[in-house]
Amino acid sequence: MYAHQIEIAAVTMIDVAAKVTDDQLDRPTPCGDMRLSGLLGHAIGLSLAFAAAGRKEFGPLTATTPSPGNETLPDPWWPALTGNLRELVRSWEDRAAWEGMTQAGGFDAPASVLGTVALSELVLHGWDIARSIGVAYPIPDDVAAIVFDFHHPPQPQEERDGMFGPVVEVPDDAPILDRTVGIAGRDPFWPHGTLEE
C-alpha cells in the first residue's frame, strides 16, 4: 500500500505547479506534442478519476478512456488541480481503497495495481511539469524507485503505445529518477538545458 507515497507525489506536484505562470502555459512538455496547459488539464482529470477509483465509484469518471492533452484547462486551474490532488490523496488513505477490484480509464484491475498506477501518473507528470518550466523536481528516490519497479521490465512497445513512447536507454548507474522517466519513454535530459534550483 503506497498511500504515503501518493501523498508525497501529490504534494510535490502541487509545489512544482505553484511555480507555473500564465505565460508558461503554452510551453512544450516532454509528452510529445502536449503543451503545458494540456498536461495540467490532464493532471486535473486523472486526479479526479483516480480519486473516484480509490472510492470504488464506478461511473463516467472511471469508465472513460483518457485523451491526454485534449482536456480543457479550467480557469482558474489552480484550485481544480490542488483540490483534486488532495481528494486523490484522501481517497487512497483508506485501507479499503487498496482491496478488491476497481476501475480507472475504463480498465478494471486489482485496486492495488491501479493505486500504483495513480502513483506513477503523479510522479511522471510531476516531472513533466517541472521539466516544462525548467525547475528541479525533488521527488524522493524511494518514491521514484516504486514507479521504476512497477514498469520494469518494460512491456513490448506495441503494448505501451498510447501510454508511453519507446524506452529511452539510461545507464544502470544513473539516478533512479532518470531511469524511471527513461523506462516511461522520456528523455531524462529533456530539453537539454540547465534547471533552476
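There is a path of hydrophobic side-chain contacts, each under 4.5 Å, that joins L73 to L39. Linking Ile, Leu, Val, Met, Phe, Trp and Tyr residues whenever their side-chain heavy atoms come within less than 4.5 Å leaves I183 and F189 in two separate clusters. Cluster membership check: L124 does not share its hydrophobic cluster with V167, using side-chain heavy-atom separations under 4.5 Å among Ile, Leu, Val, Met, Phe, Trp and Tyr.
Residue F107 places its CZ atom among 12 or fewer non-hydrogen atoms of other residues, nucleotides or ligands, all under 6.0 Å distant. Within 6.0 Å of the OH atom in Y2, the count of heavy atoms belonging to other residues, nucleotides or ligands does not exceed 12. Other residues, nucleotides and ligands contribute over 12 non-hydrogen atoms within 6.0 Å of the CG atom of D23.
Between E57 and T62 the shortest side-chain heavy-atom distance does not fall below 4.5 Å. In this structure the side chain of L177 never reaches within 4.5 angstrom of the side chain of P188, judged on heavy atoms. Using a 4.5 Å heavy-atom threshold, the side chains of V168 and R186 count as separate. Put simply, the side chain of W190 reaches to within 4.5 Å of the side chain of P28, judged on heavy atoms. Contact check for E121 versus F50: side-chain heavy atoms found under the 4.5 Å cut-off. With contacts defined as side-chain heavy-atom distances shorter than 4.5 Å, the pair L25/V20 qualifies. Between F150 and V113 the shortest side-chain heavy-atom distance falls below 4.5 Å. S112 is not listed as a side-chain neighbour of M1, based on a closest heavy-atom distance of 4.5 Å or more.
The backbone N or O of T116 sits nowhere less than 3.5 Å from a side-chain atom of S120 that would complete a donor-acceptor pair. Formation of a donor-acceptor pair under 3.5 Å by the T29 side chain with backbone atoms of M34 is found in this model. Counting only distance, with no hydrogens or angles, the side chain of S132 and the backbone of D128 share no donor-acceptor pair below 3.5 Å. R160 places no side-chain N or O within 3.5 Å of a backbone atom of P154 that could act as its donor or acceptor partner. No donor-acceptor distance shorter than 3.5 angstrom exists from the side chain of K19 to the backbone of V135, with no hydrogens or angles considered. Here the side chain of W98 pairs a donor or acceptor atom with the backbone of W92 at under 3.5 angstrom. With hydrogens and angles ignored, the 3.5 Å screen pairs a side-chain donor or acceptor of T180 with a backbone N or O of A144. Put simply, the side chain of T102 never gets that close to the backbone of G54: no donor and acceptor are under 3.5 Å apart.
Minimum heavy-atom separation, L119 to A9: CD1-CB, 3.9 Å. The nearest pair of heavy atoms linking K56 to A97 is NZ-O, 3.0 Å. Scanning both residues, W127 and D187, for their nearest heavy atoms gives CH2-O, 3.3 Å. The shortest heavy-atom contact between L61 and L48 is CD2-CD2, 3.6 Å.
Within the model, atoms OG of S47 and NE2 of H125 stand 10.5 Å from one another, a figure rounded to the nearest 0.5 Å. Taken to the nearest 0.5 Å, the CZ atom of R27 stands 7.0 Å off from the OG1 atom of T21. Taking CZ of R86 as the start and CG of L81 as the end, the distance is 9.0 Å to the nearest 0.5 Å. Taken from CG in D15 to OH in Y137, the straight-line distance is 10.5 Å, to the nearest 0.5 Å.
Ion pairing of E87 with R90 is present here, as a side-chain N (NZ or NE/NH1/NH2) and a carboxylate O approach within less than 4.0 Å.
A donor and an acceptor atom, one from each side chain of H152 and D149, are nowhere located under 3.5 Å apart.
A side-chain contact (heavy atoms from CB on, under 4.5 Å) with L122 is found for one member of V117, L85, V147 and no other, namely L85.
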